[in-house]
Amino acid sequence: MRNVSEVIEQYLKQILQQSNEGIVEIQRNDLADQFDCVPSQINYVISTRFTLEKGYIVESKRGGGGYIRIQKIELNAHGSVLDHISKTISLQIDQSASEGLLYQLEESGYLTSREAALMKAAISREVLVLKLPLRDEIRARILKAMLISLLSK
């Protein structure tokens, strides 16, 4: 049985797919009522599962008429994928952000699940047993080199 966070995530992804513009606006309290959970649960799902690294832009407006807007970033053109990689991986990248980027590239069909798994293994903190910030710098260099090499065909 899936937990409420997974159900909310799948619901939001489903309505994003059905949207012509790839954008959805939700009322946090309405969604919490719909799933019989507290509004902070909605915040948790959005802040952990709809990140820039995973391919989403999230905007929120607080107040009486407030909303949360989620937009899926589409990686259509090959050049936009390489641009996105360069923007996401600067001089450093932490493990969470790197895994989010690999998830997004796999979900968009640019990486196979095997390629993503190999990259995750190579850049994990268990393999890169270095102190911060050196670990995040080395991870960024390795990940960028692997992705550019693989996707520049």
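The distance from the CD1 atom of Ile8 to the SG atom of Cys37 is 4.0 Å, given to the nearest 0.5 Å. For the atom pair OH of Tyr56 and CD of Gln104, the computed distance is 8.5 Å after rounding to the nearest 0.5 Å. Here the CE atom belonging to Met119 is positioned 13.5 Å from the CD atom belonging to Glu99, to the nearest 0.5 angstrom. With rounding to the nearest 0.5 Å, the separation of CD1 in Ile148 from OG in Ser86 is 5.0 Å. Taken to the nearest 0.5 Å, the CZ atom of Arg125 stands 8.5 Å off from the CG atom of Leu132.
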Review point. Taking it one step at a time, do Gln41 and Ser5 satisfy side chain to side chain donor-acceptor pair (under 3.5 Å)?
Key: CA-CA 7 Å; Gln41 183 77 36; Ser5 294; 2.4 Å; yes
Practice item. Go through Ile85 and Leu105 one step at a time and tell me if the side-chain contact (heavy atoms from CB on, under 4.5 Å) criterion holds. Key: CA-CA 9 Å; Ile85 289 168; Leu105 292 170; 4.2 Å; yes
Point to revise | Verdict with reasoning, Asp36 to Val4, per side-chain contact (heavy atoms from CB on, under 4.5 Å) | key: CA-CA 9 Å; Asp36 195 30; Val4 70; over 6 Å; no
Exercise for review: Apply salt bridge (charged side-chain N to carboxylate O under 4.0 Å, His left out) to the pair Glu137 and Arg141, showing each step before the final yes or no.
Suggested key: CA-CA 6 Å; Glu137 292 171 10; Arg141 289 179 185 190; 5.5 Å; no
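The one candidate from Ile138, Leu102, Ile93 that meets the side chain to side chain contact (heavy atoms under 4.5 Å, CB included) condition with Ile123 is Leu102. Screening Thr88, Val81, Leu82 against His84 for a side chain to side chain contact (heavy atoms under 4.5 Å, CB included) leaves a single residue, Thr88.
Considering all non-hydrogen atoms of both residues, Lys144 and Ser90 come closest at NZ-O, 3.9 Å. Nearest heavy atoms, Glu126 versus Val129: O-CG2, 3.2 Å. Scanning all heavy atoms of the two residues, the minimum distance from Arg135 to Leu130 falls at NH1-O, 3.5 Å. Nearest heavy atom pair, residue Ser124 against residue Ala121, reads OG-O, 3.3 Å. Between Gln92 and Pro133, the closest heavy-atom pair is NE2-CB, 3.4 Å. Closest approach of Phe50 and Glu9 over heavy atoms only: CZ-O, 3.8 Å.
Within 6.0 Å of the CZ atom in Phe35, the count of heavy atoms belonging to other residues, nucleotides or ligands exceeds 12. Atom CG of Leu91 has 12 or fewer neighbouring heavy atoms from other residues, nucleotides or ligands inside a 6.0 Å radius.
With hydrogens and angles disregarded, no donor-acceptor distance shorter than 3.5 Å links the side chain of Lys72 to the backbone of Leu16. Side chain of Glu106 to backbone of Ala116: no donor-acceptor contact under 3.5 angstrom is found. When atom types are taken as modelled, the side chain of Ser149 and the backbone of Met146 share no donor-acceptor pair closer than 3.5 angstrom.
Gln34 is linked by a side-chain hydrogen bond (donor to acceptor under 3.5 Å, both in side chains) to nothing, counting only residues two or more places apart in sequence or in another chain.
Under a hydrophobic clustering in which Ile, Leu, Val, Met, Phe, Trp and Tyr are joined whenever their side-chain heavy atoms come within less than 4.5 Å, directly or via other members, Leu12 and Tyr103 fall into different clusters.
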